[in-house]
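Scroll down for the structure; my scribbles are underneath it.
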Protein chains: 2
Amino acid sequence: MPGMLPANEPQLASALSERLRHLGVRVTPQRLFVLEALAVRSGHLTAEEIMRWTARRSPAINLATVYRTLDRLVSLGLVTQTDLGGGAATFELVGDSPHHHLVCERCGIVTEVDDSLVAALRAQVLDRYGFRAQSRHMAIFGTCRACLEREHAVR
Amino acid sequence: MPGMLPANEPQLASALSERLRHLGVRVTPQRLFVLEALAVRSGHLTAEEIMRWTARRSPAINLATVYRTLDRLVSLGLVTQTDLGGGAATFELVGDSPHHHLVCERCGIVTEVDDSLVAALRAQVLDRYGFRAQSRHMAIFGTCRACLEREHAVR
DNA sequence: GTGAGTGCAAATGCTTTGCAGACGT
DNA sequence: ACGTCTGCAAAGCATTTGCACTCAC
């Protein structure tokens, strides 16, 4: 469902309603707006960004509600939360292909990498420590190519 | 130097002073206290914990000073900072063997794992993306063995 | 109608900052 | 003596919470 076309919002809304109903939670406009924001602007959104997106709709959603809603959606397993360092946490619809993040500590740029890179590590960690690492949204901190080159150029 | 015995604090202090002087920064009691805390209670300390530790010494250090000091020490390369999810950041003396963290999302327990597990991943990321991942303090979130077993038992 | 969900405002927890004074060099 | 570092208090930011009201069921 994510990766769905931005057009056709009524269809999107009813698909999302269906999903919520199946999980046995109330369907409120606020919840639909949050899910729509995540579906349409697929990618990593902060709570603040979601609120700004929904502000284009009639009465803007309260930030506290966005947080509570996201919390709920995360426990329902519809949404994942990632904390990419200091700033605000980002949220994403489950359903996109699993991926992880390379976060540059100098310039802050975030690059998505496929889960296949990390699969071997996950297998090892499970084998050696009985630890089941999550298959999405691991943050790997370091220095990106551009910043490494810049560093070299200076010297 | 880290991994040094807790006893013999005068020696520790002068070794640390030496280190600071070599880096061309002022040697203040506060900086020594912070470094001592990290050296003696080797492991991951939060700014607050460091302050509490130094509070056993004469006038307790101000929390703001602890943060500023840690900031300075991180840029000097003497200390590393790790953000293990929502709570407070933790700090550690550089010099311990590189390691990473398995963070259980249910019970919060943190297990240290050797860098060798992650070395292959680092090599791949460098090769494929030109990204130099840091060799310490990656946080891997997931579910620990105990919580997995508990989960099974319930069903 | 009832309880879950919402808005609002205030509180929280971690961290940063402005400023005046203290102290390492 | 100089400039850096510290303490203090206040601000900053992301997130949470208490409470009264509203709305989905």
Side-chain angles (χ1 to χ4, degrees), chain A residues 13-14 16-35 37 44-52 54-55 57-76 78-91 108 139, chain B residues 13-14 16-35 37 44-52 54-55 57-76 78-91 108 139:
Chain A
S14 67
L16 294 172
S17 301
E18 202 48 41
R19 232 161 141 178
L20 287 176
R21 235 183 298 278
H22 265 131
L23 290 164
V25 296
R26 293 197 179 171
V27 180
T28 68
Q30 289 85 345
R31 289 185 175 167
L32 289 179
F33 285 154
V34 169
L35 283 171
H44 317 88
L45 298 184
T46 64
E48 175 101 32
E49 286 167 342
I50 292 172
M51 194 196 60
R52 277 207 300 273
T54 61
R57 311 312 184 83
S58 11
I61 300 185
N62 190 277
L63 231 201
T65 302
V66 174
Y67 277 109
R68 276 187 291 227
T69 302
L70 287 170
D71 221 48
R72 202 85 171 76
L73 296 174
V74 167
S75 14
L76 290 173
L78 290 180
V79 167
T80 54
Q81 172 169 10
T82 322
D83 196 357
L84 265 24
T90 63
F91 298 84
Chain B
S14 66
L16 294 172
S17 303
E18 201 51 38
R19 230 158 143 179
L20 288 176
R21 234 182 297 277
H22 266 132
L23 289 164
V25 297
R26 293 195 179 170
V27 179
T28 69
Q30 288 85 344
R31 290 185 174 168
L32 289 178
F33 284 153
V34 169
L35 283 171
H44 317 88
L45 298 185
T46 65
E48 175 102 31
E49 287 168 341
I50 292 172
M51 193 197 62
R52 277 208 299 273
T54 62
R57 311 311 183 84
S58 11
I61 301 185
N62 190 277
L63 231 202
T65 302
V66 174
Y67 277 107
R68 276 187 291 229
T69 301
L70 287 170
D71 220 47
R72 202 85 172 73
L73 295 174
V74 167
S75 16
L76 290 172
L78 290 180
V79 167
T80 55
Q81 173 169 7
T82 320
D83 196 356
L84 265 24
T90 62
F91 298 84

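Quick note on labels: first sequence line is chain A, next is B, and so on, each numbered from 1.
- Within the model, atoms CG of Leu35(A) and CG of Leu70(A) stand 9.0 Å from one another, a figure rounded to the nearest 0.5 Å.
- In this structure, CG of Leu70(B) is placed 15 Å from P of dC14(C), rounded to the nearest angstrom.
- The distance from atom CZ of Arg21(A) to atom CD of Glu18(A), rounded to the nearest 0.5 Å, is 6.0 Å.
- Nearest nucleotide to the Thr65(A) side chain, out of dG7(C), dG7(D), dC5(D): dG7(C).
- Counting non-hydrogen atoms under 4.0 angstrom, Gln30(A) reaches the backbone sugars and phosphates but no base.
- Among all heavy-atom pairs drawn from Ala88(A) and Thr46(A), the shortest one is CB-CG2, 4.0 Å.
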Protein within reach of the bases, or only the backbone? For nucleotides 16-25 of chain C, mark each nucleotide 5' to 3' as B, S or -, using heavy atoms under 4.0 Å. BBB-----BS
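- Summarising the geometry, atom CD1 belonging to Ile61(A) is positioned 14.0 Å from atom CZ belonging to Arg52(A); distances are rounded to the nearest 0.5 Å.
- With Gln30(B) as the partner, the side chain to side chain contact (heavy atoms under 4.5 Å, CB included) test is satisfied by one option alone out of Thr65(B), Thr54(B), Val66(B): Thr65(B).
- The interatomic distance linking Ile50(B) (CD1) with dT6(D) (P) rounds to 14 Å, in whole Å.
- Residue Leu32(A) contributes atom CG, which lies 11 Å from atom P of dA24(D) at whole-angstrom precision.
- The separation between Arg72(A) atom CZ and dT16(D) atom C1' is 17 Å, rounded to whole Å.
- With hydrogens and angles ignored, the 3.5 Å screen pairs a side-chain donor or acceptor of Arg31(B) with a backbone N or O of Arg26(B).
- The CE-C1' distance, from Met51(A) to dA14(D), rounds to 12 Å in whole Å.
- Annotation: the span from Phe91(B) atom CZ to Asp71(B) atom CG amounts to 7.5 Å, rounded to 0.5 Å.
- Per the geometry, CD belonging to Glu48(A) stands 15 Å off P belonging to dG12(D), to the nearest Å.
- Between the axis at the start and the axis at the end of the helix from dG1(C)-dC25(D) to dT25(C)-dA1(D) there is an angle of 30°, using five pairs per end and rounding to 10 degrees.
- Atoms CG (Asp83(A)) and P (dC13(D)) sit 18 Å apart, rounded to a whole Å.
- Between atom OG1 of residue Thr69(B) and atom CE of residue Met51(B) there is a gap of 13.0 Å, rounded to the nearest 0.5 Å.
- In this structure, Arg68(B) CZ and Leu63(B) CG are separated by 11.0 Å, a value rounded to the nearest 0.5 Å.
- Going from atom CD1 of Ile61(B) over to atom C1' of dC5(D) covers 12 Å, rounded to whole Å.
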